[in-house]
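First the structure, in the form of structure tokens, and then the observations on it.
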Amino acid sequence: MLTDNEITIIKASAPALAEYGEQITGRFYQILLEKNPELKNIFNMTNQKSGNQKQALAMAVYAFSKYVDNLSVILGDVERIAQKHASLGIKAEHYPLVGSALLEAIEEVLNPGDEVIAAWASGYGVLANVFIEREKALYEENAKKAGGWSDTRDFTIVKMQQETPLITSFYLQPNDQKPVAEYKAGQYISIYLTPQGQDYQQIRQYSLSGAFDGKGYRISVKKELNGQGEGLVSNYLHSQFKVGDTVKVTPPCGEFVLQATDNPAVLISGGVGITPMQAMLETLSKQTTAREVHFIHGAQDQQHHAFKGELDLLVEQAKVNAYCFYQQTDNVTGNEHQGLIDLQKIQGLLPAGAEYYICGPLVMMKAVYEQLKALQISDDKIHYEVFGPNKSLA
């Protein structure tokens with residue numbers, strides 16, 4: 001428990017963290033990885049180079065300082081981060097290393113005095129214990145599930161299927177041929193590997209892209225062409241892996257899942273963001289209870305629309321209402337539209353009381369979020385998954 005004085009001190013530091021947050025977290029990562037280079041096997045070094053990681057951490061630290069007296073406000077973020085940590089293998093012994101580096105960075109950048117550092121040490125201890133306990137529970141839950149396991153497990157690529165010119169699906173089954181843990185549509189697994197020429201292990205999360213079948217998992221991976229250092233693991237999977245190869249896989253994690261409700265579901269995706277939506281769509285289509293489902297997808301053109309054949313079949317079977325938006329084509333028919341996703345074009349077709357799920361490029365998600373707010377959809381009805389370091393659409 002924090003004292004009233006410690007809470008007051010931490011809250012008073014919020015403005016400084018808002019101003020110098022990224023400078024603090026940038027220095028934090030330098031200190032942490034210089035003193036503990038083995039952690040480079042856990043952290044996404046591409047995000048380190050891009051600055052995305054320090055920005056995300058700065059937001060998290062600021063949020064803690066602002067809501068330290070009402071942590072329930074950030075419980076959703078805590079759960080999201082804890083799920084990610086569980087997929088990365090973060091353990092209790094890592095937290096003292098992180099805390100020491102964070103306090104050193106705060107002191108170096110702000111020089112706030114011993115009383116402030118002591119208050120932040122106490123605050124960090126409280127938050128670290130929340131994560132440690134939640135992640136411990138996640139590890140235990142994953143290990144105790146039927147077909148579950150802890151840490152990583154070897155899976156074989158049993159099939160590779162090209163979905164679009166850039167997206168390939170990898171079908172994975174366990175080497176030990178034992179059952180695999182069931183997952184909720186929208187969750188992801190982590191792949192652990194060390195690409196040729198890299199000094200450290202790389203860990204990446206990939207959404208499971210199909211309904212659970214009891215045999216294995218499917219991920220659908222986009223080959224990146226931007227040349228900015230992104231897509232290191234994704235491109236390595238495309239270029240170096242083949243059927244019969246083995247990858248190390250964590251149990252399914254993630255809190256972006258279908259809500260336990262019979263409300264209509266509106267699934268909105270862009271590009272490779274279709275992967276968790278496809279799992280949701282397939283899962284919903286197999287349910288015996290009648291639930292109204294609408295599927296909205298944006299892509300470059302029809303050729304770059306992954307799983308389009310499966311969607312067309314579900315539309316034909318009257319299991320889903322679909323609306324497709326293609327940027328680089330004039331040849332649109334039926335439920336297709338030219339351009340970016342524009343909910344105004346289909347506003348009259350969207351069901352009342354629906355739950356909305358969004359996944360795709362960040363710029364697309366923000367645009368869709370703003371459109372939903374313009375339609376007066378409340379935040380509790382909007383659920384989303386952001387690839388990479390956590391960011392808020394609000």
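Residues Y217 and F155 meet the side-chain proximity criterion, which asks for heavy atoms closer than 4.5 Å. Side chains of E163 and Q278 form no contact here, defined as non-hydrogen atoms less than 4.5 Å apart. Residues V126 and V68 fail the side-chain proximity criterion, which asks for heavy atoms closer than 4.5 Å. Taking the side chain as every heavy atom from C-beta outward, P264 and L350 never approach each other to under 4.5 Å. Using a 4.5 Å heavy-atom cutoff, the side chains of Q338 and N331 are not in contact. At least one side-chain heavy atom of I189 sits less than 4.5 Å from a side-chain heavy atom of I219. Residues Q161 and Y171 are in side-chain contact: their nearest non-hydrogen atoms beyond the backbone lie under 4.5 Å apart. Between I203 and N44, the closest side-chain pair of non-hydrogen atoms is not below 4.5 Å.
Ring geometry for F241 against Y236 counts as perpendicular: the plane angle is over 60°, on a 0 to 90° scale with 30° as the lower cut. Taking the six-membered ring where tryptophan is involved, the planes of Y183 and F212 are perpendicular, since the angle between them exceeds 60° and thus also 30°. Relative orientation of the H85 and F131 rings is tilted, given thresholds of 30° and 60° on the angle between their planes.
T261 places a side-chain N or O within donor-acceptor distance of the main-chain N or O of N263, the cut-off being under 3.5 Å. A side-chain donor-acceptor contact under 3.5 Å links E282 to the backbone of A211. At distances below 3.5 Å, at least one donor-acceptor pair connects side-chain atoms of S239 with backbone N or O atoms of N235. Although no hydrogens or angles enter the test, the distance criterion places a donor-acceptor pair under 3.5 Å between the side chain of Q187 and the main chain of G254. The main-chain N or O of S234 is found under 3.5 Å from a side-chain atom of Y206 such that the two form a donor-acceptor pair. Side-chain atoms of Q371 come within 3.5 Å of backbone atoms of I341 as a donor-acceptor pair (strictly under, hydrogens ignored). Counting only distance, with no hydrogens or angles, the side chain of D176 and the backbone of K178 share a donor-acceptor pair below 3.5 Å. Between the side chain of D77 and the main chain of I74, no donor-acceptor pair closer than 3.5 Å is present. A donor-acceptor pair under 3.5 Å links the side-chain atoms of T25 to the main chain of K54, judged by distance alone. K319 contributes no side-chain N or O that, together with a main-chain N or O of L314, makes up a donor-acceptor pair within less than 3.5 Å.
With hydrogens and angles left out, the side-chain atoms of S190 and S87 include a donor and acceptor closer than 3.5 Å. Looking only at atom types and distance, the side chain of N70 has a donor-acceptor partner in the side chain of S72 under 3.5 Å away. Checked by atom type, the side-chain pair H294/Y323 shows a donor-acceptor distance below 3.5 Å. If you check the side chains of Y369 and D379, you find a donor sitting under 3.5 Å from an acceptor.
Remark: K84 fails to qualify as a cation-pi partner of Y188 under the 6.0 Å distance and 45° angle criteria applied to the six-membered ring.
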Evaluation steps, side chain to side chain contact (heavy atoms under 4.5 Å, CB included), between L343 and I296: CA-CA 9 Å; L343 299 184; I296 303 168; 3.8 Å; yes
Could you walk me through whether T156 and Q173 pass the side chain to side chain donor-acceptor pair (under 3.5 Å) check? CA-CA 5 Å; T156 296; Q173 291 184 1; over 6 Å; no
Could you give me the CA-CA distance, side-chain angles and deciding distance for Y357 and S269, then say whether side chain to side chain contact (heavy atoms under 4.5 Å, CB included) is met? CA-CA 8 Å; Y357 302 82; S269 58; over 6 Å; no
One pair to check against side chain to side chain contact (heavy atoms under 4.5 Å, CB included): L375 and Q347. What are the steps and the verdict? CA-CA 8 Å; L375 295 176; Q347 179 179 349; 3.4 Å; yes
Give the intermediate values and the outcome of side chain to side chain donor-acceptor pair (under 3.5 Å) for residues S209 and S220. CA-CA 6 Å; S209 62; S220 301; 2.8 Å; yes
Start with the C-alpha distance between K35 and E104, add both sets of side-chain angles, then the distance that settles salt bridge (Lys or Arg N to Asp or Glu O under 4.0 Å), and finish with yes or no. CA-CA 12 Å; K35 292 185 175 181; E104 185 175 339; 2.7 Å; yes
Assess whether side chain to side chain contact (heavy atoms under 4.5 Å, CB included) is satisfied between V78 and V130, documenting all intermediate values. CA-CA 8 Å; V78 169; V130 171; 3.9 Å; yes
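One finds the OG atom of S100 at 9.5 Å from the OH atom of Y124 (value rounded to the nearest 0.5 Å). In this structure, I382 CD1 and K373 NZ are separated by 5.0 Å, a value rounded to the nearest 0.5 Å. The distance from the CD atom of E182 to the CG atom of D213 is 10.5 Å, given to the nearest 0.5 Å. To the nearest 0.5 Å, atom CD of residue Q300 and atom CD of residue Q327 are 7.5 Å apart. To the nearest 0.5 Å, the span separating CD on E355 from CD1 on I377 amounts to 10.0 Å. How far OG1 of T152 is from CD of Q201: 8.0 Å, rounded to the nearest 0.5 Å.
The nearest pair of heavy atoms linking I31 to A101 is CG2-CB, 3.9 Å. Closest approach of A92 and P96 over heavy atoms only: O-CD, 3.3 Å. Considering every non-hydrogen atom in both R291 and Q259, the closest pair reads NH1-O, 3.9 Å. Here the closest heavy-atom approach between residue A18 and residue Y62 is recorded as CB-CE1, 3.8 Å. Between Y139 and A86, the shortest heavy-atom distance links the atoms CE2-O, 3.4 Å. Here the shortest heavy-atom pairing between A82 and L138 reads O-CD1, 3.7 Å.
Under the 4.5 Å side-chain heavy-atom criterion for Ile, Leu, Val, Met, Phe, Trp and Tyr, V315 and V332 are members of distinct hydrophobic clusters. One hydrophobic cluster, built from ILVMFWY side chains closer than 4.5 Å, holds both I117 and F28. Both L57 and I106 belong to a common hydrophobic cluster when Ile, Leu, Val, Met, Phe, Trp and Tyr are linked at side-chain heavy-atom distances under 4.5 angstrom. Linking Ile, Leu, Val, Met, Phe, Trp and Tyr whenever their side-chain heavy atoms come within less than 4.5 Å puts I132 and L32 in one cluster. Under a hydrophobic clustering in which Ile, Leu, Val, Met, Phe, Trp and Tyr are joined whenever their side-chain heavy atoms come within less than 4.5 Å, directly or via other members, V368 and F256 fall into different clusters.
The aromatic ring centroids of Y29 and F43 lie less than 6.0 Å from each other.
Residue F325 is tested with H305, H337, H304 for a ring pair (Phe, Tyr, Trp, His ring centres under 6.0 Å); the sole match is H337.
Electrostatic pairing of R80 and E385 does not count as a salt bridge here, judged by no charged N lying under 4.0 Å from a carboxylate O. Between R134 and E141 there is a salt bridge, since a side-chain N of the basic residue sits under 4.0 Å from a carboxylate O of the acidic one.
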